[in-house]
Amino acid sequence: MQRTSRTAAAAAIALVFLAGCTSGLRRPVVSAVATPDAQGVQRVTVHLHSFYFEPNRIVVHAGKPVELELHNSGHMIPHSFTIAAPGLTVNQGTWMRAARVRFTPTRPDSYTFFCHVDGHAKKGMTGTLVVEP
Ligand SMILES: [Cu+2]
């Protein structure tokens, strides 16, 4: 009897967590084109959901600093914004709050960004950074 109610409670908790998580595998492309501010910094705000980025396509120009303001919208779930490509490495984690990361891409190309936490990238937590000349 007690075992059954414990199982039911565990199932209910699992449902609550699952309800807050959305697969990012079939999400539409949401694009953000950075415009440099007065200091020439290309600022973009990125929301890290479970399990997708919004926007999931970021367009910037090479040779100017990019500053991303990362907001973790996942409840109790850590996320990261990671790029691991030759010539461009970015890795910034967030846990329950916002974080800022700054980098300057030098080579025009398309770079995949992803969340390196657990299997989040496989659940669709990926995006594309387009670096234009
Ligand atoms: Cu994640």
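Counting starts at 1 for both ligands and their atoms, following the listed order.
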K.L.:
Looking only at N, O or S atoms in His79, which is nearest to the Cu ion (ligand 1)?
P.N.:
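The nearest such atom is ND1.
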
K.L.:
For Arg43, is there an ion pair with Glu69 - N to carboxylate O distance below 4.0 angstrom?
P.N.:
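Between Arg43 and Glu69 there is no salt bridge, as every charged N stays at least 4.0 Å from the carboxylate O atoms.
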
K.L.:
For the Cu ion (ligand 1), which N, O or S atom of His120 is at the shortest distance?
P.N.:
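Nearest N/O/S atom: ND1.
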
K.L.:
Minimum heavy-atom separation for Ser50 and Gly74, please, with both atom names.
P.N.:
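Of all heavy-atom pairs spanning Ser50 and Gly74, the closest is OG-CA, 3.6 Å.
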
K.L.:
Does a donor on one side chain sit under 3.5 Å from an acceptor on the other, for Ser73 and His79?
P.N.:
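No.
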
K.L.:
Look at His116 and state whether any of its N, O or S atoms is less than 2.8 Å from the Cu ion (ligand 1).
P.N.:
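No, outside the cut-off.
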
K.L.:
Looking only at heavy atoms, which two atoms of Pro105 and His61 are closest? And how far apart?
P.N.:
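Nearest pair, atom of Pro105 first, then His61: CG-O, 4.2 Å.
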
